[in-house]
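Here is the structure we will look at.
We count ligands from 1, going down the list as the structure has it; atoms in each ligand are counted the same way. Residues: numbered from 1 along the sequence shown.
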Amino acid sequence: MKNIGIIGAGHVGLVTAAGFSKLGNKVICCDNDKEKIKNLKNLLMPFYEPGLEEIVEEGVEKNLLIFTDSIYEVVENSEIIFIAVGTPPTEEGKADLSYVENVTVEIAKALTKIRNEKKGEKIYRLIVEKSTVPVLTSEWVKKTLQLLTPTGIEFDIAANPEFLREGSAINDFFYPYRIVIGVETERGKKIFEEIYKPINCPKIFTDIRSAELIKHASNSFLALKISYINAIANICEKVGADVEVVAEGMGLDKRIGKEFLKAGVGYGGSCFPKDVSAFINICEEFGYSFNLLKEVQKINHQQRELIIKKAKDLLWNLKEKTISIFGLSFKPNTDDIRESPAIDVINLLKKEKAILKCHDPKAIENMKKIFPDIFYSEDPYEASREAHLLIFLTEWEAFKTLDFKRIKEGMKLPYIIDGRNFLDFKSLKDLGFIYRGIGRKNE
Ligand code: UDX
């Protein structure tokens, strides 16, 4: 059992805190959002993540998981401190590292105070970057701590990037493909070996810079895979082939692998768009123009426009046509709408002056904050009534079992665009729908 501190109770921070407490460690999780901490103490989660609430509840009950808004409390009580604060994109698409810097300064202040209170005692802390940061951020963290902490405090810096996916974050914490640890001392390495001992997966120990790069390089590669298959989907449409079949044929080659070859409306979320952009920027700073990744971004953007093009191909003019959008979150099993394809598609349809009706199992409240003036319904049948066209942008399981006969009866025209290629188009066609997928041979 170790004393672990987590600074930042966002998706990464909170899941990591809950996970480590479930493994039997004593965890303090801190956030500067006092309201969020108050809610967490009352077991109210700040976002929806399957399985998270139960683990948090258990941790709090066993007194293994404590929430606080004080960084000092974290630093005082934890040998290992994970920095898991946001690194949101700046206007130029770089990673905004000011939160990481602020936290580093706060850690240094806390260490100074502890030094003054506990004179003569040995003080050691392992400070770990958990947030996704550009390569060489650790150098700044180290420099800042060295500059601001008094002598007599020992610390190691490490990078331990997180690869969890929203919606399956708990599972990804306990059963990851690998754990990447950038640490340059034996002392730091030993601590990681201990805290990750219960997790059975390959653990790779590297220098810190390589660990930082592994994160950006991995996420960008996955984004590249998605854009690649979307480019293939486009050529499929032009020549009358089926991207689902092509992806299956490609994916059976283990060197390619079948994951992340789902063509559709493109990637969204809090990671891929931000990380690809930050990676391009940091490469640029070091004199490398990563044009391949610029093309990945371009293709991803074109996939949103493709939906509008398909809508126009079906409806001619979109002005005053009623269009229903099902699926507002950036992917299923989450209420997260950050960089969701739905935001781009709604903006494009608003420009065309279409009348919009939206539905989602979890994300309506979040979307209302961005587009308060459009119609939403929790009831899919109400949300599709009078529609000329129904567009699916997220492959929620619940959508597959909708009563499509009932939906069709309520619609003005029987048009469906499946932006995720997940619906059974044969049965939809049998019901009389006109179906359009992405790169699918079915029209
Ligand atoms: C991603 C990474 O998978 C994770 O390792 C990292 O830590 C954070 O970023 P996440 O953003 O939660 O996780 O979602 P993910 O399941 O990877 O999907 C990202 C986006 O890509 C979604 O919008 C999804 O719909 C899209 N996607 C995914 C595709 O369009 N096609 C695919 O084949 C796979």
- Note on the structure: Near K215 (heavy-atom distance under 4.0 Å), the atoms of ligand 1 are 6 (C), 7 (O)
- Item | Close aromatic pair by centroid cut-off 6.0 Å: F279 and F272 | no
- Message: Has E49 got a side-chain atom pairing as donor or acceptor with S168's backbone, closer than 3.5 angstrom?
- Response: yes
- Item | Working for salt bridge (Lys or Arg N to Asp or Glu O under 4.0 Å), residues K262 and E244 | CA-CA 8 Å; K262 281 298 294 172; E244 294 296 309; 3.2 Å; yes
- Task: Answer side chain, backbone, both or neither: which part of E162 comes under 4.0 Å from ligand 1, heavy atoms only.
- Result: backbone
- Query: Is there a donor-acceptor contact under 3.5 Å linking the side chains of S227 and Q297?
  - Reply: no
- Query: What residue and heavy atom of the protein are closest to atom 27 (N) of ligand 1, and at what distance?
  - Reply: I226 CD1, 3.4 Å
- Give a yes/no verdict on whether any heavy atom in R420 is under 4.0 Å from an atom of ligand 1. yes
- Item | Polar proximity ligand 1 side, F163 side, N/O cut 3.5 Å exclusive | yes
- Message: Looking at K357 and E382, is there a salt bridge between them, counting it only when a charged N and a carboxylate O are closer than 4.0 Å?
- Response: no
- Contact atoms of ligand 1, heavy-atom distance to L164 under 4.0 Å: 4 (C), 6 (C), 7 (O), 8 (C)
- Message: For ligand 1, which is the ligand I care about here, please tell me if Y267 has any N or O atom under 3.5 Å from one of the ligand's N or O atoms.
- Response: no
- Message: Pairing donors with acceptors under 3.5 angstrom, does anything connect the side chains of S329 and R338?
- Response: no
- Looking just at side-chain N and O atoms, do N333 and W396 make a donor-acceptor pair shorter than 3.5 Å? no
- Item | Among C271, P341, P273, closest by any non-hydrogen atom to atom 8 (C) of ligand 1 | C271
- Query: Looking at ligand 1, does G268 have a heavy atom less than 4.0 Å from it?
  - Reply: yes
- Hey, what's the ring geometry for F392 with F404, parallel, tilted or perpendicular (30° and 60° as the breaks)? tilted
- Please write down residue, atom name and distance for the protein heavy atom closest to atom 34 (C) of ligand 1. F260 CD2, 3.4 Å
- Message: Keeping N366 on the side-chain end and I337 on the backbone end, is there a donor-acceptor pair under 3.5 Å?
- Response: no
- Message: Regarding ligand 1, does G269 bring an N or O atom to under 3.5 Å of one of the ligand's N or O atoms?
- Response: no
- Looking only at protein heavy atoms, what sits closest to atom 1 (C) of ligand 1 is F272 CE2, 3.5 Å
- The single option from I7, N160, V27, I127 that satisfies side chain to side chain contact (heavy atoms under 4.5 Å, CB included) with F82 is N160
- Query: What are the atoms of ligand 1, with element, lying closer than 4.0 Å to any heavy atom of L261?
  - Reply: 33 (O)
- Query: Relative to ligand 1, is N219 under 4.0 angstrom through side chain, backbone, both or neither, heavy atoms considered?
  - Reply: side chain
- From the options R338, K274, K331, select the one whose nearest heavy atom is closest to atom 18 (O) of ligand 1. K331
- Please report which non-hydrogen protein atom sits nearest to atom 11 (O) of ligand 1, along with the residue it belongs to and the distance in Å to one decimal place. F330 CE1, 3.5 Å
- Message: Keeping T137 on the side-chain end and P134 on the backbone end, is there a donor-acceptor pair under 3.5 Å?
- Response: yes
- Message: Could you identify the single nearest non-hydrogen protein atom to atom 31 (N) of ligand 1 and state the distance to 0.1 Å?
- Response: K262 O, 3.0 Å
- Query: Considering only heavy atoms of E166, which atoms of ligand 1 have at least one such atom less than 4.0 Å away?
  - Reply: 12 (O)
- Task: For T87 and K274, test the side chains for any donor-to-acceptor distance below 3.5 angstrom and give the result as yes or no.
- Result: yes
- Can you pull out the closest protein heavy atom to atom 13 (O) of ligand 1? Residue, atom name and distance to 0.1 Å, please. R165 CG, 3.6 Å
- Task: Answer with side chain, backbone, both or neither: which part of T334 has a heavy atom less than 4.0 angstrom from an atom of ligand 1?
- Result: neither
